[in-house]
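Please read the structure below before turning to the comments.
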Number of protein chains: 2
Amino acid sequence: MKKTGPEAKLLVVDDEPNIRELLSTSLRFAGFDVVAAANGRDALAAAETHNPDLAVLDVMLPDMDGFTVTRRLRAAGRHFPVVFLTARDDTDDKVTGLTVGGDDYVTKPFSLDEVVARIRAVLRRTHPLEDDDAVIRVDDLELDDDAHEVRRGGEVIDLSPTEFKLLRYLMMNPNRVLSKAQILDHVWEYDFNGDASIVESYISYLRRKIDRNPNAVALIQTKRGVGYLLRTADKR
Amino acid sequence: MKKTGPEAKLLVVDDEPNIRELLSTSLRFAGFDVVAAANGRDALAAAETHNPDLAVLDVMLPDMDGFTVTRRLRAAGRHFPVVFLTARDDTDDKVTGLTVGGDDYVTKPFSLDEVVARIRAVLRRTHPLEDDDAVIRVDDLELDDDAHEVRRGGEVIDLSPTEFKLLRYLMMNPNRVLSKAQILDHVWEYDFNGDASIVESYISYLRRKIDRNPNAVALIQTKRGVGYLLRTADKR
DNA sequence: CAAGGGGCTTACAGCAGGCGTACAGCGAAT
DNA sequence: ATTCGCTGTACGCCTGCTGTAAGCCCCTTG
């Protein structure tokens with residue numbers, strides 16, 4: 001009935017059409033069943049109709065704020081968790097109470113992959129029945145999302161936040177070429193308007209840390225003119 | 001979050017919707033089965049219907065005070081323990097009598113984690129059958145909630161109340177990154193309106209007391225840009 | 001083989017996050 | 001009244017992260 005991984009049903013609520021579409025599309029692609037709403041009123045109605053497993057909820061809505069929506073949902077007996085979206089200068093230090101219970105929040109502008117990861121983490125926490133692990137494995141590489149830790153052959157590797165997100169994106173898509181544009185879109189914040197060459201730099205940083213053994217087969221491979229891919233041992 | 005106890009059933013009674021929801025959500029997430037009521041009359045009815053194992057009861061209710069509710073409950077043969085919620089400025093004499101029997105009280109504004117801990121403590125006392133221990137262990141670190149005492153390698157460490165709550169929260173969530181916002185929401189009182197940087201200060205205080213050995217692997221680790229985590233030895 | 005383009009790596013400036021200490025206010029204990 | 005410990009804020013220092021730029025290498029193609 002309640003599903004944690006893909007196929008869970010999500011309610012996405014944001015009044016900005018761009019953000020709403022961006023989120024709906026990526027979440028759908030990530031395997032979720034998505035229902036969208038543009039304001040609090042519609043959100044409440046949609047929650048009644050579709051009974052989602054989780055809501056992604058902008059705290060600044062035209063008709064009522066996200067907290068009010070949440071309170072009304074809960075009062076109506078809907079106890080699914082919420083991932084709030086907040087403006088960065090809102091939350092940076094002040095706004096509290098967003099992480100009570102199984103809830104969490106993400107600041108705008110966000111990275112799409114980060115939102116997906118946070119949603120998965122919340123679903124994992126609130127429905128611990130499923131043996132859906134927080135650890136992604138590719139060969140002897142392990143990425144633990146809960147502990148925010150990466151290990152290669154059991155040895156801990158220290159990564160910066162951006163390196164971590166990049167590696168997670170690669171590991172979520174093993175043996176598949178990812179273009180620099182794709183990587184930018186998924187790993188960097190959606191308003192980033194720098195050069196795609198930054199991906200090259202970060203791939204380089206990652207290689208230095210996880211592919212440091214020159215004798216072993218490299219995990220991160222370049223497909224010239226196309227993109228990068230993370231290769232598993234059995235697919236070589 | 002560690003879920004303890006076999007899903008005891010709680011009755012939460014408070015007339016302020018925000019507090020009621022805050023408590024219900026947290027307690028539900030902590031693994032309890034929660035029923036909520038907004039006033040004394042509904043509370044009595046809910047107690048009849050649901051037969052809870054414990055009640056969290058605001059002493060200031062619109063229709064009758066918490067003592068009256070308790071008296072009527074007991075008169076009706078309901079002998080489950082009660083955790084009272086009282087305003088901080090209530091005089092001591094008003095508070096006396098709240099801890100007789102297995103009962104306890106918490107002053108508003110409270111820290112969410114503190115309420116959960118107190119509820120668990122009361123349940124532990126009244127249902128000693130459960131092999132639910134008051135001691136949390138992480139490596140050679142022990143935190144005894146009943147004795148309010150912390151030991152590292154058997155040696156007692158003196159902590160201030162805030163330090164204790166912070167450490168307890170960390171120890172309840174080992175090997176999981178906790179953001180400063182999460183820590184604020186769980187450890188500090190719900191109306192705390194200050195800066196999240198206070199968490200940094202208290203982490204610093206804690207380190208000075210429990211991670212004083214510079215040669216050993218630090219228990220408290222910083223995940224820059226993400227949060228903090230308490231690391232166990234086997235997960236290194 | 002030469003030229004061009006794509007990719008790799010490193011350097012670096014600017015900046016944000018985190019650390020630790022100092023301190024003032026406050027309430028409890030003496 | 002005085003002392004004491006605890007809390008929350010402020011602040012200066014430092015570390016390490018980020019994004020850009022630049023030079024080099026290598027692959028591809030004519």
Side-chain angles (χ1 to χ4, degrees), chain A residues 88-89 91-94 96 107 109 111 114 148 150 157-167 177-181 183-184 187-212 214 218-229, chain B residues 88-92 95 107 109-111 114 148 150 157-167 177-184 187-212 214 218 220-229:
Chain A
R88 174 148 305 167
D89 44 344
T91 300
D92 243 342
D93 279 333
K94 297 290 183 195
T96 52
T107 54
S111 125
E114 185 63 15
H148 227 262
V150 172
I157 297 174
D158 232 50
L159 299 184
S160 78
T162 306
E163 289 161 1
F164 185 88
K165 275 180 275 191
L166 172 56
L167 180 59
V177 186
L178 303 166
S179 71
K180 277 178 252 186
I183 295 176
L184 258 197
V187 175
W188 268 260
E189 296 170 356
Y190 58 75
D191 69 341
F192 178 81
N193 63 348
D195 197 285
S197 70
I198 194 175
V199 176
E200 298 169 20
S201 288
Y202 273 87
I203 288 283
S204 171
Y205 298 153
L206 258 191
R207 280 179 166 144
R208 181 160 44 185
K209 291 184 176 179
I210 71 167
D211 266 340
R212 57 170 46 229
L219 286 172
I220 302 176
Q221 306 247 329
T222 304
K223 294 291 164 179
R224 202 184 167 77
V226 190
Y228 300 95
L229 107 159
Chain B
R88 176 146 305 168
D89 50 2
D90 281 353
T91 52
D92 279 1
V95 161
T107 55
F110 46 77
S111 128
E114 184 63 14
H148 220 263
V150 172
I157 296 174
D158 229 51
L159 298 183
S160 78
T162 307
E163 289 161 0
F164 185 87
K165 276 179 275 189
L166 172 57
L167 181 59
V177 186
L178 303 167
S179 70
K180 278 177 256 187
Q182 259 176 308
I183 295 176
L184 259 196
V187 175
W188 268 259
E189 297 167 357
Y190 58 75
D191 68 340
F192 178 79
N193 209 21
D195 197 287
S197 68
I198 193 174
V199 176
E200 297 168 21
S201 288
Y202 272 86
I203 288 284
S204 171
Y205 298 153
L206 257 192
R207 280 180 168 145
R208 184 160 40 185
K209 292 184 176 179
I210 70 166
D211 265 339
R212 56 170 47 229
I220 301 176
Q221 306 242 331
T222 304
K223 296 285 165 175
R224 189 172 239 264
V226 189
Y228 299 95
L229 111 149

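FYI, side chains are in, hydrogens and waters are out, and symmetry mates aren't considered; it's all heavy atoms of this structure. Labels below follow one simple rule: chain letters A, B, ... track the order of the sequence lines, proteins then strands, and each chain is numbered from 1.
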Contact class for B:Tyr228 vs. all strands (heavy atom < 4.0 Å): base, sugar-phosphate, or nothing? sugar-phosphate
Rounded interatomic separation in angstrom, taking CZ from A:Arg208 and P from C:dA11: 9 Å
Could you tell me the separation between the NZ atom of B:Lys165 and the C1' atom of D:dT7, rounded to a whole number of Å? 11 Å
Between D:dG8, C:dG7, D:dA21, which one does the side chain of A:Ser201 approach most closely? D:dA21
Tell me: CD1 of A:Ile198 to P of D:dT20, nearest whole Å? 6 Å
Specify the residue among B:Ile203 and A:Val226 whose closest nucleotide of DNA chain C lies further upstream toward the 5′ end. A:Val226
So if I apply the side chain to side chain contact (heavy atoms under 4.5 Å, CB included) rule between A:Leu219 and each of A:Leu206, A:Asp211, A:Leu167, which one comes out positive? A:Asp211
If you check the A:Pro161 side chain, which of D:dT20, D:dC17, C:dA22 turns out closest? D:dC17
C:dG20, OP1 or OP2 - any side-chain N/O from B:Tyr205 closer than 4.0 Å? no
Looking for any heavy atom pair under 4.0 Å, which part of the strands does A:Thr162 touch: base, sugar-phosphate only, or nothing? sugar-phosphate
Please state how far atom CD in B:Gln221 lies from atom P in C:dG18, giving the value in whole angstrom units. 14 Å
Between C:dG18, C:dC8, D:dT20, spot the one nearest the side chain of A:Thr222, thanks. C:dC8
Test side chain to side chain contact (heavy atoms under 4.5 Å, CB included) on B:Ile183 and B:Tyr228; report intermediate values, then the result. CA-CA 9 Å; B:Ile183 295 176; B:Tyr228 299 95; 4.2 Å; yes
Name the residue closer to the 5' end of DNA chain C, choosing between B:Arg207 and A:Tyr202 according to the nucleotide with the nearest heavy atom. A:Tyr202
With side chain to side chain contact (heavy atoms under 4.5 Å, CB included) as the test, would you mind laying out the steps for B:Leu166 and B:Tyr205 before giving the verdict? CA-CA 11 Å; B:Leu166 172 57; B:Tyr205 298 153; over 6 Å; no
Phosphate-side-chain proximity, A:Lys180 and C:dG7, N/O vs OP1/OP2 below 4.0 Å: yes
Pick base, sugar-phosphate or nothing for A:Ser197, based on heavy-atom distances below 4.0 Å to the nucleic acid. nothing
Distance check needed: D:dC6 P versus B:Leu166 CG, whole Å only. 15 Å
Rounded to whole angstroms, how far apart are CG on A:Leu206 and P on C:dG7? 17 Å
For the side chain of B:Lys180 and the backbone of B:Ser197, is there at least one donor-acceptor N/O pair under 3.5 Å apart? no
Which nucleotide in D:dG16, C:dG6, D:dG19 has an atom nearest any side-chain atom of A:Trp188: D:dG19
Looking only at side-chain atoms of A:Ser160, point me to the closest of D:dC17, D:dT7, C:dG18. D:dC17
Measure the distance from CD on B:Glu200 to P on D:dC11 and round it to the nearest whole Å. 15 Å
Looking at B:Arg224 and D:dG16, is any side-chain donor or acceptor paired with a base atom of the opposite kind under 3.5 Å? no
Would you kindly give the CZ-to-C1' distance between A:Phe192 and D:dG19, to the nearest whole Å? 6 Å
Angle class for the A:His148/A:Phe164 ring planes (parallel below 30°, perpendicular above 60°, tilted otherwise)? parallel
Out of C:dG20, D:dT9, C:dT9, whichever nucleotide has its closest atom nearest the side chain of A:Ser204: C:dT9
Mind running side chain to side chain contact (heavy atoms under 4.5 Å, CB included) on B:Ile157 and B:Arg212 for me, showing each step along the way? CA-CA 11 Å; B:Ile157 296 174; B:Arg212 56 170 47 229; over 6 Å; no
